[in-house]
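This report refers to the structure that appears directly beneath it.
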Amino acid sequence: MADRPAVGSQSFVAPHPGSKAMPRWNTAELIDAPRFTWRNWAAMIGPGLLMGGAAIGGGEWLTGPLVTARYGGNMLWLATLSIVFQVIYNLEICRYTLYTGEPIFTGKFRTPPGPAFWLLAYIALDFGALFPYLAASAATPVAMLILRELPDPQSTELVSVLGLEMTEKTLLKVLGNAIFLLALVPLIFGGKIYNSLRAVMTFKIVTVFGFLLVLGALYTGVETWIEITTGFFKFGMVPIQGGEHAHSVDNVFLALFEGRGFPIIDFTTIGLLCAMVAISGQGGLSNTPLSNYTRDQGWGMGHHVGAIPSVVGGHRIKLSHVGSVFEVTADSLSRWRRWYRHVMRDQLVIWMPACFIGLALPSILSVEFLPRGTEADPWTAAGMTAGKVGEHVTSVSGPTIGGFFWFMTVFCGFLVLAPSMSSSADGVVRRWLDVLWTGSAGLRQVDPRQIGKVYFGVLCGYAVFGLLVLTFVPPGRLLIIATNIFNYALGFSCWHALAVNLILLPRELRPCWAIRISLFVAGAFFMLVAGLTTYHTLARAGWI
């Protein structure tokens, strides 16, 4: 049980920095963080588990293995940089939430020049997240299980499914729409939406990690594990032109040290490598719900603010329209630092390992079962991997076990994608609803206990939009639209989160210079990757 906080000055008035178009904070006392012991370790599990499950998405299952199939583990150091920089970003957006009980998105709208400006800016940056590309991608493994082969979205041949005749293209659209609607179900039931999502992600992590660990331990070689593990630390490796093979690589630092000059980088695969950076960890603005979930978990000042309930089963839960801050004293500062260490433990022990493992395990399969230098579209490579897994296990353990492992490999592809659609949808709805819940004068008049109904209304609007997009926009174009802007959004968000903490937080709670520099460099890194992605996209389109 948390210690009772010391009572601060009764005359404390909440500050009102930033834009005056946003309401002044309330005040409350900061409760103490739970003390970690080995007996209560399970109670320490927080948003990192949910976000770790969400981080294992289409990129980890599709794009990462494409890179390792071509270059082995040599390019995984780019994923290391992406994940480490995101850990820094995640900690800093939670810094704001621990002080105010508000999500970072609301804090961003409090900074100058004001909410009207940031509304337009973030609509542009968050536009890609509106497209339910994960549902469209998740339709492929389900179709594979039905057809027992990789579906062809361009095929005009009819197939029979449950007595109905349809083309494979139509089958993929029907499955995509069904998966999208099913992904929204956990957001309707369970009391706190946060609790429902955490249960879904727990099942996903246990099933996917459990199966892949068994598969990797029984049917892959030690050399493959070593190659992938060491690949996360091979900093400076780049693809080069003119090598012995199309997948030749060299190390920039080693080449300069040996006097060979700077290697001639092969930029033809820069789009694929940048895509891996974009999907390692979360990507885009999908990290920002971490601060929402920190609030919903009741950590820091989130204890006083409340949470977003589900429309079914959450009638007693309410959400304050405005965050609450505490008076900075010696006692409250000590408690706040314990809360920051608590969030840091959640990130370093749960979220960061989940990101590395979620990328490493599918990559182990691609290195083990696909020829080095394999080039294919993501789902062709995934289908080839599942087929090779089935063949190898069959040769070792017989057709029954081989068929089961083929099924589970494909099924894990579905589990990787579909639950992430749930968290993606929740992230889009909640970050905009949260900021409008505080920033809109009209919504501030709504009873705090009605937030669940408002959430459900916005979710229904998103569902209609998603169904229209899935029906009329080609799945490949969905992925391009959704991911091209992700690195821009995350890079800019790093810089904006730094500004939030320097402008809105008391001096005693602001990040130190090492964190400030690290967060600025993180933003520059993602902006550079975004620029390279844009250049690659425009070059392939023949526009430059």
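All values below come from the heavy atoms of this structure, side chains included, with hydrogens, waters and symmetry mates left out. No experiment lies behind these values; they were computed from the predicted model shown.
The heavy-atom pair separating Trp339 from Pro34 by the smallest distance is CH2-CD, 3.6 Å. Summarising the geometry of Glu92 relative to Arg95, their closest heavy-atom pair is OE1-NE, 2.7 Å, with the distance given to 0.1 Å. Residues Met276 and Leu78 come closest through the heavy atom pair CE-CB, 4.0 Å. A pairwise comparison of heavy atoms in Phe180 and Ala463 identifies CE2-O, 3.4 Å as the closest pair. Pairing each heavy atom of Pro353 with each of Gln347, the nearest pair is CD-O, 4.1 Å. Scanning all heavy atoms of the two residues, the minimum distance from Ala79 to Leu359 falls at CB-CD2, 3.4 Å.
Ring geometry for Phe233 versus Phe235: interplanar angle over 60°, hence perpendicular rather than tilted (30 to 60°). Classified by interplanar angle (parallel below 30°, tilted 30° to 60°, perpendicular above 60°), the ring pair Phe525/Phe85 is tilted.
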Would Phe411 and Phe211 satisfy side-chain contact (heavy atoms from CB on, under 4.5 Å), going step by step from the backbone distance to the final call?
CA-CA 10 Å; Phe411 180 64; Phe211 170 74; over 6 Å; no
So Tyr340 and Leu91, side-chain contact (heavy atoms from CB on, under 4.5 Å) or not? Walk me through it.
CA-CA 8 Å; Tyr340 190 81; Leu91 290 172; 3.6 Å; yes
Can Val249 and Met75 be said to form a side-chain contact (heavy atoms from CB on, under 4.5 Å), step by step?
CA-CA 9 Å; Val249 297; Met75 296 294 111; 3.9 Å; yes
Determine, stepwise, if the pair Leu290 / Trp351 fulfils side-chain contact (heavy atoms from CB on, under 4.5 Å).
CA-CA 11 Å; Leu290 177 66; Trp351 186 83; over 6 Å; no
Using salt bridge (charged side-chain N to carboxylate O under 4.0 Å, His left out), reason through Asp296 and Arg430 one step at a time and then give a plain yes or no.
CA-CA 11 Å; Asp296 285 13; Arg430 78 164 50 235; 3.0 Å; yes
Taking it one step at a time, do Asp346 and Trp299 satisfy side chain to side chain donor-acceptor pair (under 3.5 Å)?
CA-CA 12 Å; Asp346 184 58; Trp299 286 3; over 6 Å; no
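Looking at Tyr89 and Asn287, their side chains come closer than 4.5 Å, going by heavy atoms from C-beta outward. Within the 4.5 Å cutoff, the side chain of Ile146 has heavy atoms near those of the Leu175 side chain. A 4.5 Å side-chain heavy-atom check between Leu319 and Arg295 finds at least one atom pair inside the cut-off. Between Leu147 and Leu171 the shortest side-chain heavy-atom distance falls below 4.5 Å. Using a 4.5 Å cut-off on side-chain heavy atoms (C-beta onward), Leu76 and Lys234 make no contact. When side chains are defined from C-beta on, Leu181 counts as touching Leu467, because their heavy atoms get closer than 4.5 Å. The closest side-chain heavy-atom distance from Thr140 to Pro151 is below 4.5 Å. Within the 4.5 Å cutoff, no side-chain heavy atoms of Tyr96 are placed close to those of Lys108.
When ring centroids are compared, Tyr455 and Tyr462 stay outside the 6.0 Å threshold. If you look at Phe105 and Tyr122, their ring centroids are closer than 6.0 Å.
A distance-only check finds no donor-acceptor pair linking the side chain of Asp426 to the backbone of Ser422 [under 3.5 Å]. Remark: side-chain polar atoms of Lys204 are paired, donor with acceptor, to backbone N or O of Val416 under 3.5 angstrom. Looking only at distances, a side-chain donor or acceptor of Thr229 sits under 3.5 Å from a matching main-chain atom of Trp225. At least one donor-acceptor pair under 3.5 Å links the side chain of Glu368 to the backbone N or O of Gly221. Gln86 places a side-chain N or O within 3.5 Å of a backbone atom of Ser280 that can act as its donor or acceptor partner. Panel note: side chain Thr230, backbone Glu227; a donor-acceptor pair is recorded below 3.5 Å. Checked by atom type and distance alone, the side chain of Glu165 never pairs as donor or acceptor with a backbone atom of Leu158 at under 3.5 Å. Using modelled atom types, one side-chain atom of Ser291 and one backbone atom of Thr288 make a donor-acceptor pair closer than 3.5 Å.
Annotation: the span from Asp152 atom CG to Thr167 atom OG1 amounts to 10.0 Å, rounded to 0.5 Å. Taken from CG in Leu415 to CE in Met201, the straight-line distance is 10.5 Å, to the nearest 0.5 Å. With rounding to the nearest 0.5 Å, the separation of NZ in Lys173 from CZ in Phe472 is 8.5 Å. With rounding to the nearest 0.5 Å, the separation of CD1 in Ile88 from CD1 in Ile93 is 13.0 Å. Annotation: the span from Asn292 atom CG to Thr97 atom OG1 amounts to 7.0 Å, rounded to 0.5 Å. Atom OG1 of Thr409 is separated from atom CG of Leu212 by 7.5 Å, given to the nearest 0.5 angstrom.
Under the side chain to side chain contact (heavy atoms under 4.5 Å, CB included) criterion, Ile357 pairs with Phe209, Leu361, not counting sequence neighbours.
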